[in-house]
Amino acid sequence: MNRVCLTVFACLLTHLVVFSQTPANDKNWQLKWADYFESFDTQRWNKVDYCDHGGKPSINRAHNVWVENGQLVIRVKSESATCPGTPPYPSSWCCGSCVPGKEYDYTSGWVETKSPNNDIKYGYIEAMIKFPYKKGIIHAFWTWRGEQTYNNGAEIDIFESMGKYNDATQFETNVHTCYVGEGEPPCEPARDRVYTFFNSDYTQWHLYAIEWNSNKITWYVDGKPIRSIVNDNLAPDGNGIIDYVRLILGINVSEYNLQYLNPPFEEKMYVDYVKVYSLKCACDTTAVVEIYNFNTYNYAVNKSISMSSATVIPSNSNICLRATDFIELKTGFEVPLGAEIYLDVNPCDISKKNVEESRNNCY
């Protein structure tokens with residue numbers, strides 16, 4: 001069985017660079033929710049107010065977040081604002097209150113999904129975003145732990161620009177699993193990586209996404225995988241992203257690059273939509289012995305899948321098959337020239353808060 005698993009894993013690594021298993025071409029995914037920003041959904045999103053995100057030079061204000069022409073707009077601006085003597089505490093664990101009485105030279109915007117009702121655990125998360133470029137400005141699309149019981153920090157930077165690069169072609173993907181001083185388990189070092197757009201930049205529309213389960217995290221840009229790491233959550237003290245998270249979109253001023261900012265200025269990031277998918281799980285069903293017709297196959301993450309010469313892959317097709325235990329390729333199994341097949345053996349993770357919705361608990 002181990003030899004079979006290794007073979008499947010090799011297929012995964014090979015096809016990671018040639019095509020992706022995004023919801024657009026993988027029928028194992030189902031849409032959990034989507035926001036196309038026809039209006040601002042106050043049940044879904046929270047505008048963080050009177051927060052400076054750990055001492056940033058800008059203060060997040062609610063007036064810098066709004067919906068316009070079917071898009072979410074988030075702004076950073078060179079304008080003065082004073083933190084009240086007794087500031088209201090923002091409903092965000094990730095963004096502490098501003099400094100009482102401090103006058104800020106910049107205001108910024110931050111929006112996040114309301115916790116705990118909209119918290120997410122595992123799945124495929126994507127957003128179509130157009131960012132501005134100005135050296136000294138930070139903007140990001142990321143996750144951070146929700147208000148439910150947690151084991152560690154849960155930050156996945158799906159996109160982050162730190163305001164220090166010389167043009168709009170470079171951005172970062174980062175993972176931070178806990179924070180020193182918060183009484184959490186020993187920290188896994190941040191796992192960062194910088195990427196470069198070779199034929200474009202982030203001031204154009206791009207689709208940024210992650211696929212996240214208890215075993216791995218994979219990043220995508222425009223449907224193409226750019227990075228995959230092991231989500232190591234097996235250690236007793238837990239160093240993987242395994243907790244419920246909220247989604248955050250924000251833009252603010254970098255405390256390290258103020259010399260590049262020449263007021264007055266106003267920069268905006270635009271979000272066309274946000275979508276969250278979960279896997280369809282059939283983990284409690286009997287094993288799939290053969291797939292005779294992919295047109296009638298019930299795509300879902302099965303316990304196991306076995307295929308031989310009786311399974312016929314249609315020409316020029318793009319097939320994604322997922323299982324929790326194993327995928328077995330028997331003698332006679334063939335993939336015709338021009339067809340692509342993606343095989344994934346990983347947990348069928350569904351958060352417990354969504355079990356009633358899916359009617360499956362695949363732990």
Side-chain angles (χ1 to χ4, degrees), residues 31-35 40-51 53-54 60 62 65 72 74 88-97 109-127 140-160 173-185 187-188 190-191 208-217 219 231-233 237-250 271 274-279 347 349-358 361-363:
L31 184 65
K32 181 181 174 185
W33 62 263
D35 196 331
F40 189 83
D41 186 350
T42 57
Q43 299 301 309
R44 177 86 64 194
W45 301 98
N46 172 51
K47 299 179 183 181
V48 176
D49 209 10
Y50 292 108
C51 147
H53 192 31
N60 286 309
V65 176
L72 178 68
I74 308 176
Y89 189 78
S91 57
S92 172
W93 291 13
C94 188
C95 195
S97 296
W110 172 313
V111 62
E112 61 183 38
T113 49
K114 285 190 171 180
S115 185
N117 292 339
N118 297 287
D119 287 351
I120 301 164
K121 184 175 181 180
Y122 306 134
Y124 191 95
I125 303 165
E126 66 180 14
F141 170 38
W142 78 104
T143 78
W144 208 71
R145 69 186 185 209
E147 294 177 8
Q148 304 185 43
T149 302
Y150 60 89
N151 297 300
N152 52 34
E155 179 174 341
I156 307 171
D157 294 318
I158 304 171
F159 172 100
E160 184 170 28
T173 64
N174 309 309
V175 175
H176 308 274
T177 56
C178 67
Y179 301 89
V180 176
E182 294 188 357
E184 298 179 358
C187 287
E188 173 81 10
R191 289 171 280 182
Y208 303 96
I210 57 167
E211 178 186 353
W212 166 41
N213 64 38
S214 57
N215 275 3
K216 68 177 181 179
I217 303 170
W219 285 258
N231 188 22
D232 181 10
N233 66 316
D237 51 5
N239 278 326
I241 307 296
I242 59 174
D243 298 308
Y244 289 96
V245 300
R246 71 190 78 196
L247 299 183
I248 305 175
L249 292 145
V271 185
V274 177
K275 296 181 181 179
V276 176
Y277 296 83
S278 62
L279 284 170
D349 290 320
I350 293 181
S351 63
K352 293 181 179 178
K353 75 189 291 285
N354 296 321
V355 167
E356 287 301 316
E357 298 174 11
S358 65
N361 185 346
C362 294
Y363 285 121

Before giving the answer on side chain to side chain contact (heavy atoms under 4.5 Å, CB included), spell out for Tyr124 and Leu279 the whole-Å C-alpha distance, their side-chain angles and the decisive distance to 0.1 Å.
CA-CA 8 Å; Tyr124 191 95; Leu279 284 170; over 6 Å; no
Run the ring-ring contact (aromatic ring centres under 6.0 Å, His included) test on Tyr208 and Phe159 for me, step by step, so that the C-alpha distance in whole Å, both residues' side-chain angles and the decisive distance to 0.1 Å come before the verdict.
CA-CA 7 Å; Tyr208 303 96; Phe159 172 100; 4.8 Å; yes
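Shortest non-hydrogen contact noted between Val274 and Ala127 is CG2-CB, 4.0 Å. Closest non-hydrogen pair, Ile217 versus Ile241, comes out as CD1-CG1, 4.1 Å. Annotation for Lys114 and Trp45: closest pair CE-O, 3.3 Å, computed over non-hydrogen atoms. Smallest separation of non-hydrogen atoms from Trp219 and Asp157: NE1-O, 3.1 Å.
Here Ser97 contributes atom OG and Asn60 contributes atom CG; the two are 11.5 Å apart, rounded to the nearest 0.5 Å. Interatomic distance, Asn213 CG to Ser278 OG, rounded to the nearest 0.5 Å: 13.0 Å. Atoms CG and CG, on Asp41 and Leu72 in that order, are 11.5 Å from each other to the nearest 0.5 Å. Atom OG1 of Thr173 and atom CD1 of Ile158 lie 10.5 Å apart (nearest 0.5 Å).
In this structure, Tyr122 and Ser214 have side chains that are in contact, with non-hydrogen atoms separated by less than 4.5 Å. Counting heavy atoms from C-beta on, the side chains of Trp33 and Thr113 come closer than 4.5 Å. Here the side chains of Ile210 and Ile156 are in contact, with some heavy-atom distance below 4.5 Å. Counting only heavy atoms from C-beta outward, the side chains of Gln43 and Asn118 never approach each other to under 4.5 Å. Residues Phe40 and Val111 are in side-chain contact: their nearest non-hydrogen atoms beyond the backbone lie under 4.5 Å apart. At a threshold of 4.5 Å between non-hydrogen side-chain atoms, the residues Leu249 and Val271 count as touching. The shortest distance between side-chain heavy atoms of Asn215 and Asn231 does not fall below 4.5 Å. When side chains are defined from C-beta on, Asp349 does not count as touching Trp212, because their heavy atoms never get closer than 4.5 Å.
Between Trp142 and Trp110, a ring centre-to-centre spacing shorter than 6.0 Å is recorded.
Each of Arg246, Arg44, Arg145, Lys47 was evaluated against Glu112; a single residue qualifies, Arg246, per the salt bridge (charged side-chain N to carboxylate O under 4.0 Å, His left out) test.
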